[in-house]
Amino acid sequence: MNEEIKAVADRLIGLRDIMDVSIEEAAGVCGVSIDQYKAYESGTVDIPVGVLQSMAKKYDIDLGVLISGKEPHMHSYCLTKKGKGLSVERRSDYKYEALASGFINRKSDPFIVTVPFNPKAEPHFNAHPGHEFVYMIEGKMELTVDGKTMKVEEGDSVYFDATKKHAMVALEKEAKFLDLII
């Protein structure tokens, strides 16, 4: 996992260099402190997908390129077979599977997110520009958005302002949901 984090950090640095963007500007785009942004670029701290999406949107680069280093090629459609999406296992508390990484100029980023069950799990809060849509596929989870905690069960959905601090914790067993970052 550390090599993957370092590779993503290196791509962020490269993006900043190519676009002639200061660390201060990049931190502002991502909505984090300068010290936090520097930590992301150090390659020793995991970078939330929302932070990567902020940079991708602002500087018109594909999110999949930042995550994987591979360019998308599809213009009309992008078929992703079950379990074959771009794996984004970067955090121990969530596993992301990108479902449209092969499509050029996407307007949103859909993921299947798996949150393992851990009875001692503490929520890890995140915030990023844009909106987020969650549709629960399997299991149950506790979702906290802007201080409001709700129980989300199979078939439930939540749409929220992703600039508000949010976190998910699986309840009883592993939770799996469709996550659309807009």
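Basis for what follows: all heavy atoms, side chains included, without hydrogens, waters or symmetry-related copies.
Contact record, Ala167 with Pro123: CB-CB, 3.6 Å, taken as the closest heavy-atom pair. Contact detail for Met55 and Ala26: the closest heavy-atom pair is CE-CB, 3.9 Å. The two atoms that bring Ala27 and Ser33 nearest to each other are CB-O, 3.8 Å, heavy atoms only. Of all non-hydrogen atoms in Val169 and Glu122, the two that sit nearest each other are CG2-C, 4.3 Å. Looking at every heavy atom in both residues, Lys173 comes nearest to Gly139 through CE-CA, 3.8 Å. Nearest approach of Ala170 to Pro116, heavy atoms of both residues: CB-O, 3.6 Å.
To the nearest 0.5 Å, atoms CG (Asp60) and CG (Leu15) are separated by 10.5 Å. A distance of 10.0 Å separates CG of Asp179 from CG of Asp109, quoted to the nearest 0.5 Å. To the nearest 0.5 Å, the span separating NZ on Lys176 from CD on Glu97 amounts to 7.5 Å.
Remark: Glu24 engages no residue in a salt bridge (charged side-chain N to carboxylate O under 4.0 Å, His left out) (not counting sequence neighbours). Residues forming a ring pair (Phe, Tyr, Trp, His ring centres under 6.0 Å) with Phe160 (at least two apart in sequence, or on another chain): His166.
Side-chain heavy atoms closer than 4.5 Å link hydrophobic residues (I, L, V, M, F, W, Y) into clusters, and following such links, even through other members, never connects Phe125 to Leu171. In terms of hydrophobic clustering, with Ile, Leu, Val, Met, Phe, Trp and Tyr side chains grouped at heavy-atom distances under 4.5 Å, Tyr96 and Val158 are assigned to a common cluster. Grouping the Ile, Leu, Val, Met, Phe, Trp and Tyr side chains by contacts below 4.5 angstrom, directly or via other members, places Ile104 apart from Tyr59.
A salt bridge does not link Glu25 to Arg16: none of the charged side-chain nitrogens sits closer than 4.0 Å to a carboxylate oxygen. The pair Lys151-Glu142 fails the salt-bridge criterion, with no side-chain N (NZ, NE, NH1 or NH2) lying under 4.0 Å from an Asp/Glu carboxylate O.
Summarising the local packing, NZ of Lys57 is surrounded by more than 12 heavy atoms from other residues, nucleotides or ligands at distances under 6.0 Å. Remark: Asn105 CG is loosely packed, at most 12 non-hydrogen atoms of other residues, nucleotides or ligands lying under 6.0 Å away.
Checking Val29, Val32, Val45 one by one against Tyr37, the side-chain contact (heavy atoms from CB on, under 4.5 Å) holds for a single residue, Val32.
With a 4.5 Å cut-off between side-chain heavy atoms of Ile, Leu, Val, Met, Phe, Trp and Tyr, the cluster of Ile112 takes in Leu99, Phe133, Tyr135, Ile137, Tyr159, Leu178, Leu180, Ile182.
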